[in-house]
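Computation of the quantities below employed the complete heavy-atom set of this structure, encompassing side-chain atoms and omitting hydrogens, waters and symmetry-equivalent molecules.
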Amino acid sequence: MLPYEIVGNPRTRALTAESFQPGQQTLGIMSTVAKLEVPRNIAMVLRRGAPLQAYIKAVYETQGALTLVGGNVQIDLGAQGIRLVQSQRNNPAFPTSAHQDIAGFLSDDNGATWQETNVLSVNWQTGVVVLQGNIVPAANKARVLYLPGDGELQIAAEVPSGSDGSSAVFFNTSLRSLHSADQTNRLTAPTLGTAKDVFLAPEFILTIRVRSNSRIYWAADAENIFNLPVIDTPIRVLDGPMLSRMAEQQLKG
């Protein structure tokens with residue numbers, strides 16, 4: 001006898017960036033940058049080979065006096081060890097504030113508030129970015145959101161707290177490979193690398209993990225793109241501990 005019964009029709013939905021809560025990143029260590037807890041009375045299934053779309057930004061904020069060139073703000077991200085990625089998405093030409101891979105902000109109160117400004121130019125190889133300065137004439141701090149090219153990204157599931165802490169990784173790639181791939185092409189787009197469908201019981205946690213020296217920025221104004229189809233089935237839990245053990249055994253394979 002199963003430890004649950006189905007009480008509604010399964011439905012397919014897409015997990016997006018807004019579906020996840022921010023995690024707690026530790027720079028240079030594989031750590032959670034975003035997480036989602038499976039709702040109570042829902043069994044979630046991740047389909048084998050499901051297509052994944054993901055463009056996840058990092059943030060850099062200047063320290064000290066700004067470098068001004070012709071009244072505009074120049075930021076040398078390469079000098080900070082940052083490696084930019086230019087995606088294959090269609091983007092407007094510079095200057096623009098609508099580029100999907102990079103965005104600039106200025107502050108005149110040391111970062112208490114931010115005003116978006118135009119990105120005038122980007123050298124994708126050296127990492128030198130120039131922001132339009134006259135949007136905030138008294139700017140004393142700058143922020144750049146960008147697609148990072150250093151480190152790795154994982155998608156994993158974790159059992160609820162209070163258990164033995166088991167987890168399983170379903171997707172693992174470098175951030176450079178992820179962000180530079182043509183994610184609209186079925187031949188090159190990333191897919192969930194599982195040998196079978198993955199069953200996640202209520203209160204199991206789906207995590208996005210990153211190991212990078214770039215600080216991942218998981219907030220609405222980052223405009224991160226994440227899209228992963230899943231199947232939600234309404235259930236009534238009959239035996240919670242048995243259901244958790246069953247789902248955990250599936251994670252362990």
Side-chain angles (χ1 to χ4, degrees), residues 1-25 30-56 151-175 177-179 181 183 186-211 216 218 224-253:
M1 178 179 176
L2 290 174
Y4 66 93
E5 62 178 354
I6 296 174
V7 296
N9 293 324
R11 70 181 184 95
T12 300
R13 68 180 177 112
L15 299 182
T16 66
E18 291 73 23
S19 305
F20 292 77
Q21 297 297 314
Q24 190 69 40
Q25 182 186 10
M30 187 64 74
S31 49
T32 299
V33 298
K35 58 185 177 180
L36 174 153
E37 183 175 304
V38 179
R40 292 186 177 182
N41 298 319
I42 289 291
M44 180 183 291
V45 173
L46 283 64
R47 299 299 302 271
R48 176 176 63 88
L52 169 69
Q53 185 181 32
Y55 297 97
I56 297 173
E152 301 171 69
L153 178 140
Q154 294 181 347
I155 299 175
E158 299 176 358
V159 300
S161 59
S163 65
D164 67 0
S166 296
S167 66
V169 175
F170 310 128
F171 182 81
N172 189 350
T173 191
S174 73
L175 284 167
S177 294
L178 176 67
H179 289 147
Q183 297 189 21
R186 293 180 60 186
L187 297 178
T188 58
T191 58
L192 205 62
T194 58
K196 58 183 179 180
D197 293 351
V198 177
F199 176 89
L200 300 181
E203 300 182 0
F204 276 49
I205 300 168
L206 189 65
T207 65
I208 300 172
R209 304 171 179 171
V210 166
R211 182 180 55 137
I216 301 302
W218 203 277
N224 289 325
I225 300 297
F226 188 89
N227 191 298
L228 178 66
V230 298
I231 300 174
D232 283 348
T233 301
I235 63 172
R236 179 181 296 114
V237 178
L238 304 176
D239 188 329
M242 182 182 292
L243 176 57
S244 292
R245 287 194 299 273
M246 183 188 78
E248 189 171 346
Q249 284 298 320
Q250 289 194 19
L251 284 184
K252 292 178 178 180

Do [X] and [Y] touch side chain to side chain, with heavy atoms closer than 4.5 Å?
{"X": "L36", "Y": "M44", "value": "yes"}
{"X": "S167", "Y": "R209", "value": "yes"}
{"X": "V198", "Y": "L192", "value": "no"}

Which pair of non-hydrogen atoms, one from [X] and one from [Y], has the smallest distance, and what is that distance?
{"X": "L228", "Y": "F226", "answer": "CB-CE2, 3.8 Å"}
{"X": "F20", "Y": "L15", "answer": "CE1-CB, 4.2 Å"}
{"X": "F171", "Y": "T173", "answer": "CE2-CG2, 3.4 Å"}
{"X": "V38", "Y": "I42", "answer": "CG1-O, 3.4 Å"}
{"X": "V33", "Y": "W218", "answer": "O-CB, 3.9 Å"}

What residues, two or more places apart in sequence or in another chain, satisfy side-chain hydrogen bond (donor to acceptor under 3.5 Å, both in side chains) together with Q24?
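None.
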For S174, enumerate each residue passing the side-chain hydrogen bond (donor to acceptor under 3.5 Å, both in side chains) test, keeping only those at least two apart in sequence or located in another chain.
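By the side-chain hydrogen bond (donor to acceptor under 3.5 Å, both in side chains) rule, S174 matches S177.
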Applying ring pair (Phe, Tyr, Trp, His ring centres under 6.0 Å), name anything that partners F170, two or more places apart in sequence or on another chain.
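With neighbours one apart ignored, the set is empty.
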By ring pair (Phe, Tyr, Trp, His ring centres under 6.0 Å) - contacts of Y4 (at least two apart):
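Result, ring pair (Phe, Tyr, Trp, His ring centres under 6.0 Å) vs Y4: F199.
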Once rounded to the nearest 0.5 Å, what's the spacing between atom CG of L206 and atom CG of L46?
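These two atoms lie 6.0 Å from each other.
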Could you measure the distance from the CZ atom of R48 to the NZ atom of K196? Nearest 0.5 Å is fine.
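Rounded to the nearest 0.5 Å, the CZ-NZ separation comes out at 11.5 Å.
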Who are the side chain to side chain contact (heavy atoms under 4.5 Å, CB included) partners of [X], not counting sequence neighbours?
{"X": "Q53", "result": "Y55, Q183, I225, N227"}
{"X": "T188", "result": "D182, N185"}
{"X": "E203", "result": "E37, R40, P160"}

Is the side chain of Q25 donor-acceptor paired with the backbone N or O of I216 at a distance under 3.5 Å, no angle test?
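Flag set: sc Q25 to bb I216 pair under 3.5 Å.
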Mind checking salt bridge (charged side-chain N to carboxylate O under 4.0 Å, His left out) for D197 and listing every partner two or more places apart, or none if nothing turns up?
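For D197 the salt bridge (charged side-chain N to carboxylate O under 4.0 Å, His left out) partners, ignoring immediate neighbours, are R47.
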Distance-only criterion, 3.5 Å: show the donor-acceptor pairs between side-chain atoms of residues 229-245 and protein atoms not counting sequence neighbours.
{"residue": "D232", "atom": "OD2", "partner": "R13", "partner atom": "NE", "Å": "2.4"}
{"residue": "D232", "atom": "OD2", "partner": "R13", "partner atom": "NH2", "Å": "3.3"}
{"residue": "R236", "atom": "NH1", "partner": "E5", "partner atom": "OE2", "Å": "2.3"}
{"residue": "D239", "atom": "OD1", "partner": "M242", "partner atom": "N", "Å": "3.1"}
{"residue": "S244", "atom": "OG", "partner": "G240", "partner atom": "O", "Å": "3.3"}

